Amino acid sequence: MNKFTAQLQVSWLRTKMTIWIVLGLIVVSFVADFTINQMFVSNPQQDIAEAVGELREVTGNNQLEIQIPADVENVNVSPANLLLLLLPILGIALPLKTFRPMMNFGDSRRHYFVRLLMIYGFVAVLLALFNSLWFPLDKSGIREYVQTYNIIEVFGWNQFGAIGIFFYQVCFYFFVLTLFNFLFARPKSPVTWIIWAVLIAAIPVGTSIAYLRHYVAEFFIALLFNDSLVLGMGLNLGLSLILIVGAWLFTRHRTF
Amino acid sequence: MNTVLEVKNVSKMYGRVDAVNSLSLDLAEHTIYGLLGRNGAGKTTLLHMIAGGIFPDSGEITVHGKRLNKGDVPTQCCYVRENNHYPKNARVRDVLQMAAVFYPNWDAKLASQLLGIFKLNPRKKMRQLSRGMESMVGNMIGLASRAPLTIFDEPVLGLDVLMRERFYRALIEDYAEYPRTILLSTHLIDEIATVVEKVFIIESGSLLMEEDVEHIREYAHLVSGLNSALDEFVAGKKVLHREGYGNAGMAIVYHGITESERSQAEQHGLMIEGVPLQKFFAYLIEEGQTHE
């Protein structure tokens with residue numbers, strides 16, 4: 001065992017219950033969706049036609065019609081995407097739950113922080129790899145039974161090929177982890193509370209004012225839907241770097 | 001002897017409360033120290049600052065010649081906290097394995113021996129341990145770390161008499177073989193009187209006394225007898241406490257007593273006894289006097 005594996009073990013011990021719960025929920029959700037799709041809503045076209053028939057009887061209007069697309073079906077989030085719930089969870093739980101145990105072992109703040117970033121990197125790679133491997137399964141096998149959508153398609157990352165898909169995800173997931181880490185790096189500080197308040201206020205303000213809405217949309221398009229792999233990755237990593245610097249400024253003076 | 005830890009005019013406030021007030025102390029290498037004080041005297045705050053967990057408002061802390069800046073943690077230092085924060089779902093053996101990588105002088109053989117001495121099941125999870133056993137895991141880490149500066153904050157909290165004795169014995173035996181600087185913070189004073197060489201007594205965040213235990217034993221006396229003889233005997237001596245019962249009384253004297261003074265006192269019907277460290281501490285705090 002070395003210091004990295006010790007911190008990894010502490011991280012696992014402090015978050016394993018949450019991870020198991022998330023995994024359990026994903027499995028239950030997937031099984032439930034699969035069962036519903038197979039058994040109860042096996043033919044949505046027929047169900048809707050029957051409903052229209054009943055409505056004609058009740059209303060006495062035989063002209064009543066409802067236009068429905070031919071491919072209507074219950075669409076679910078891909079289970080591999082649901083796993084991304086772990087990004088905010090770990091980004092919050094790790095700084096909150098591992099700082100004290102590591103300091104208790106006599107670790108320095110700097111080394112703790114560097115290893116925390118390494119763990120975030122490890123998590124980002126693991127989740128990106130999993131989703132990258134799951135995506136072909138979604139397309140070729142799973143969608144025969146359950147309609148799913150995957151963020152790889154939603155954000156258009158599939159235009160970059162297998163390697164591009166993987167690297168765009170790694171950068172974006174790392175960004176999400178560092179964002180939450182920044183927000184919870186020093187939870188007892190008034191500066192942190194101000195940042196929370198600003199962020200909470202920024203969401204409704206940014207989306208309700210038309211002038212700002214344009215910039216907010218541009219920002220998210222550049223971050224998530226970027227047509228250039230290099231620019232997309234660069235923006236995610238650049239923002240991560242800023243968040244890392246901010247989180248370090250918090251962590252270096254965080255008290256036990 | 002080299003100085004391992006130097007604390008200079010360190011102060012720390014919590015709101016408007018002075019937790020530590022311009023406190024200074026030095027620890028030399030290869031010595032066992034006791035840090036004594038009542039609950040809330042500022043012991044834990046001081047130790048937290050030394051270990052880099054919290055930061056002083058003013059003053060300097062230097063460990064192994066390196067000044068601690070805000071956010072620094074001292075190297076070659078093991079601080080066993082009163083409330084340890086090891087993961088509750090970790091097994092004892094996992095905690096020991098994790099601790100081992102942080103201390104370069106870690107002695108795995110000693111850690112395994114201590115498991116037997118303290119009757120700790122390495123497969124038990126931390127949450128399954130009693131308060132005393134939890135303290136013992138911290139104490140094992142403190143001992144097996146062999147850190148040149150080892151600090152124990154209330155190490156025997158929750159331990160029964162037998163386990164306390166075992167801990168002190170293990171500490172002394174290991175220290176004899178591998179001398180280092182050890183600071184024991186406790187309020188069970190009599191128990192550490194035989195272990196520590198020097199004590200720091202703090203009260204309300206300030207250092208009340210810094211003295212060799214041997215010196216306290218030599219200088220602290222309980223003198224009792226008739227008031228007239230007692231008044232004459234204590235004149236010019238430092239009296240920490242005085243009580244009267246009619247025409248008789250007793251005094252806690254902190255002063256050297258020569259053989260001739262002793263025989264003279266006995267001739268005047270005075271009885272002179274030693275004072276246990278715990279009582280000496282209580283009288284000292286009560287009187288709020290400082291030794292000059």
Side-chain angles (χ1 to χ4, degrees), chain A residues 1-21 90 93-119 185-192 244-256, chain B residues 12 14 44-45 47-56 63 66 68-91 93-106 108 125-127 134 137-138 141-142 145 147-151 153:
Chain A
M1 186 181 283
N2 56 35
K3 289 180 182 176
F4 176 71
T5 49
Q7 186 161 337
L8 198 61
Q9 191 172 358
V10 168
S11 304
W12 166 245
L13 287 166
R14 299 308 299 258
T15 54
K16 75 173 178 183
M17 182 63 85
T18 317
I19 292 172
W20 283 126
I21 289 171
L90 293 177
L94 290 182
L96 290 183
K97 291 185 150 195
T98 61
F99 177 74
R100 282 188 166 199
M102 296 313 292
M103 289 292 288
N104 203 43
F105 282 127
D107 201 6
S108 75
R109 286 174 178 81
R110 187 189 301 171
H111 292 146
Y112 158 78
F113 188 73
V114 169
R115 286 194 295 269
L116 183 63
L117 293 179
M118 286 164 70
I119 290 171
R186 197 172 167 192
K188 288 181 191 167
S189 164
V191 180
T192 300
I244 288 168
V245 171
W248 167 240
L249 292 176
F250 282 142
T251 307
R252 69 198 279 242
H253 290 158
R254 184 173 171 185
T255 51
F256 187 77
Chain B
K12 177 76 185 172
Y14 290 123
T44 300
T45 301
L47 299 182
H48 266 302
M49 287 192 286
I50 293 170
I54 56 173
F55 319 118
V63 184
K66 188 175 177 281
L68 286 190
N69 292 313
K70 198 174 176 185
D72 287 350
V73 172
T75 51
Q76 300 192 9
C77 170
C78 176
Y79 176 33
V80 180
R81 288 176 167 82
E82 181 183 350
N83 294 310
N84 61 53
H85 293 268
Y86 307 117
K88 293 279 176 201
N89 51 349
R91 295 182 194 282
R93 64 161 180 236
D94 297 333
V95 171
L96 295 177
Q97 278 169 2
M98 285 188 267
V101 299
F102 289 93
Y103 301 106
N105 300 339
W106 181 266
K125 289 192 172 177
M126 290 300 290
R127 74 160 76 91
E134 214 179 292
V137 174
I141 290 172
S145 73
L149 173 61
T150 307
I151 301 170
D153 190 8

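Fair warning: this is a prediction, and the values are worked out from it, not measured in the lab. Order of the sequence lines sets the chain letters (A, B, ...), proteins ahead of strands, with each chain counted from 1. Hydrogens, waters and symmetry mates play no part in the numbers below; they use all other heavy atoms, side chains included.
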(message) Any side-chain to backbone donor/acceptor pair from Arg252(A) onto Gly71(B)? Under 3.5 Å, distance only.
(response) no
(message) Let me confirm one number: the CG-CE distance from Leu13(A) to Met126(B), rounded to the nearest 0.5 Å.
(response) 11.5 Å
(request) Kindly give the heavy-atom pair with the smallest separation between Arg115(A) and Phe102(B), and that separation in Å. (result) NH2-CE2, 3.8 Å
(message) Using the ring-ring contact (aromatic ring centres under 6.0 Å, His included) criterion, which residues pair with Trp248(A)? Sequence neighbours excluded.
(response) Phe113(A)
(request) For residues Met17(A) and Asn89(B), determine if any side-chain heavy atom of one lies less than 4.5 Å from a side-chain heavy atom of the other. (result) no
(message) Please classify the contact of Asp107(A) with chain B as side chain, backbone, both or neither, using a heavy-atom distance under 4.5 Å.
(response) both
(request) State, to 0.1 Å, how close Val73(B) and Met103(A) come at their nearest heavy-atom pair, and which atoms those are. (result) CG2-CE, 3.8 Å
(request) Determine the option with the most heavy-atom pairs under 4.5 angstrom with chain B, choosing from Arg100(A), Lys16(A), Arg109(A). (result) Arg109(A)
(request) Sort out for me which of Ser145(B), Gly52(B), Gly138(B) touches chain A most, counting heavy-atom pairs under 4.5 Å. (result) Gly52(B)
(message) Does any backbone or side-chain atom of Val80(B) lie under 4.5 Å from a heavy atom of chain A? Answer side chain, backbone, both or neither.
(response) neither
(message) Return the NE2 to CG distance between His253(A) and Asn69(B), rounded to the nearest 0.5 Å.
(response) 8.5 Å
(message) Please classify the contact between Lys97(A) and chain B as side chain, backbone, both or neither, with a heavy-atom cut-off of under 4.5 Å.
(response) neither
(message) Please identify, among Ala99(B), Ala51(B), Cys77(B), the residue contributing the most non-hydrogen atom pairs under 4.5 Å to chain A.
(response) Ala99(B)
(request) Take atom NE2 of His85(B) as the centre, draw a 6.0 Å sphere, and report whether it contains more than 12 heavy atoms from other residues, nucleotides or ligands. (result) yes
(message) Run the ring-ring contact (aromatic ring centres under 6.0 Å, His included) test against Phe99(A) and tell me which residues pass, sequence neighbours left out.
(response) Tyr112(A)
(request) Quick one: pull up NZ in Lys70(B) and OG1 in Thr255(A) and give me the separation to the nearest 0.5 Å. (result) 9.5 Å
(request) Side chain from CB out, backbone as N, CA, C, O: work out which of these in Arg110(A) comes under 4.5 Å of a heavy atom of chain B, or both, or neither. (result) neither
(message) Is it the case that the side chain of Tyr86(B) and the backbone of Phe105(A) share a donor-acceptor pair, with hydrogens and angles ignored and the cut-off at 3.5 Å?
(response) no
(message) Looking at every heavy atom in both Lys3(A) and Val101(B), which two are closest together, and how far apart are they?
(response) CE-O, 3.3 Å
